[in-house]
Amino acid sequence: MNIGIIGTGYVGLVTGVCLASKGNKVLCADIIPEKIDSINKGFSPIFEEGLDDLLQSALENKLLEATTDVDYVIKNSDVIFICVGTPSLPNGSMNYEYVEEAAKNIGRILKKQQKFKVIIVKSTCIPGTTTNHVGPIIEQESGLKVQFGFGLGMNPEFLREGVAVNDFLYPDRVVIGVSDENTKDIMMQCYAGFIAPFVIVDPTSAEMIKYAANTFLATKISFFNEMANLAEKFEADISVITEAVGMDHRISEKFMNAGIGWGGSCFPKDIRALLHKSREFGISSKLLQAALDTNEAQPFEAIRLLKEELGEEKLKNKRIAVLGLAFKPNTNDMREAPSIPIINLLLKEGARVVATDPIAIEEAKKMLNHKNLEFVTSADEALTEADACVLVTEWSDYTHLPIEIFLEKMKSPILIDGRRKYDYEKMREEGIRYRGIGLGH
Ligand SMILES: NC(=O)c1ccc[n+]([C@@H]2O[C@H](COP(=O)([O-])OP(=O)(O)OC[C@H]3O[C@@H](n4cnc5c(N)ncnc54)[C@H](O)[C@@H]3O)[C@@H](O)[C@H]2O)c1
């Protein structure tokens, strides 16, 4: 099929490259020329395992082309996926600007071309956006009627950054939100060759499925972070608690690791957008608010443990190593990463911070800048002469460090394990002053 992608970020590029890997002809558009240059040279502007290889073979097979000419992509595609960002506005509501701009563009081209195309919203959008915003904008700009002049659908994306290619190619389910059979059939052709349950619903339900999934996952983590904070007070250990609780198949062991909270481009903004909308409906979503509040406080648990361990010495002029900057491992995405509030608070309290990450340092520099903040390229350098260390992102590079590196490099071997990755008994036996989230002994 001739597929067009508008917006080549995490979702757009992965969608485009993966659909090309299935033999479709894909045109990708973005407004950022550097991204387009990089894609056409075979290098993904984002870090995702396996993406460069698939991109390069799509380019070699002439199945993918990227351009800043959005009109060209719309003109030459039969199915167009809108994959632009839907960030938060300052009041927490969803910013419709990019989706609306894409819809206007599509409408203008449809007016000139008068050819039936299917428009699919893949961006995460507040329920009702596809039917009540995107459809009417395209109708107004093109003079065509939805269903007759063009097809309209919503296809939420559930990929996880870090394993995005795998998630896209082997999804748990594909949700297709459509109002007519023709659009449904065309969407099923796009996903030909995918082995997954297909859930066919109306567009608004498709949008709601995405919000319900994301806000549930965010709430699940916040719940276990609250349990972790309580476990510490009860002098118990959250790791064994979650392990046993997760053995209950009704609960599942996934997504319950206690730590310093979630970040990234999706959970925070999606929960805020749904909260904002629920307030407009006059509903106070207490559970969602609590999940957000718990999460916002959680990074500071690491600082509390650090201060307790440093005791009277306080943080002023202490050299603190921060291991990991990205919001999670295997990505360079720094959006709403817990490392940001942690580093900012350390700096505010007078500490000198030496931070490292395998791939997110350049992104981090765009968000963190202070005379007492230094970025280094290895854990070894970060730990050298450090008064304490905080494990922030559970990159495998940092979760299996030999004990000697803490003992020999650091001024004092204090490890605050923000992700509960180390065996605390072993660490303490070896002389590490270990503190972990949710560990009360
Ligand atoms: N990142 C994820 O893990 C993930 C997972 C599932 C769903 N989503 C959702 O998918 C959507 C996109 O997320 P993302 O992380 O890929 O965003 P992103 O910010 O990485 O990418 C969006 C891209 O759209 C481009 N763009 C903006 N306006 C444009 C226009 N008018 N024409 C062409 N390009 C335009 C931007 O330049 C940018 O490259 C969001 O709604 C997000 O919530 C994201």
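Everything quoted here is computed from the prediction, not taken from an experiment. Whatever order the structure lists them in is the order used to number ligands and atoms, beginning at 1. Just so you know, these numbers use all the heavy atoms, side chains as well, and skip hydrogens, waters and symmetry mates.
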Show the short N or O contacts, below 3.5 Å, that ligand 1 makes with protein N or O atoms; if there are none, say 'none'.
from	atom 1	to	atom 2	distance (Å)
ligand 1	1 (N)	E161	OE2	2.8
ligand 1	1 (N)	S265	OG	3.4
ligand 1	3 (O)	E161	OE2	3.3
ligand 1	15 (O)	R335	NH2	3.2
ligand 1	16 (O)	Y10	N	3.0
ligand 1	16 (O)	V11	N	2.9
ligand 1	19 (O)	R335	NH1	3.3
ligand 1	20 (O)	Y10	N	3.4
ligand 1	37 (O)	D30	OD1	2.7
ligand 1	39 (O)	D30	OD1	3.3
ligand 1	39 (O)	D30	OD2	2.6
ligand 1	39 (O)	K35	NZ	2.6
ligand 1	41 (O)	T86	OG1	2.5
ligand 1	41 (O)	T124	N	2.9
ligand 1	43 (O)	T124	OG1	3.3
ligand 1	43 (O)	K269	NZ	2.6

Cation-pi check, K22 onto F194 ring (under 6.0 Å, within 45° of axis): yes
Practice task
State whether F198 and R173 meet the cation-pi test: NZ (Lys) or CZ (Arg) under 6.0 Å from the six-membered ring centroid, and within 45° of the perpendicular axis.
Solution key: no
Is a side-chain donor-acceptor pair under 3.5 Å present for E336 with S265?
-> no
ask   = Is the number of heavy atoms from other residues, nucleotides or ligands under 6.0 Å of M208 CE greater than 12?
value = no
Parallel, tilted or perpendicular, judged at 30° and 60°: which one describes the rings of Y96 and H133? parallel
| said: Regarding Y191 and N155, do their side chains bring together a donor and an acceptor under 3.5 Å, going by distance alone? | reply: yes
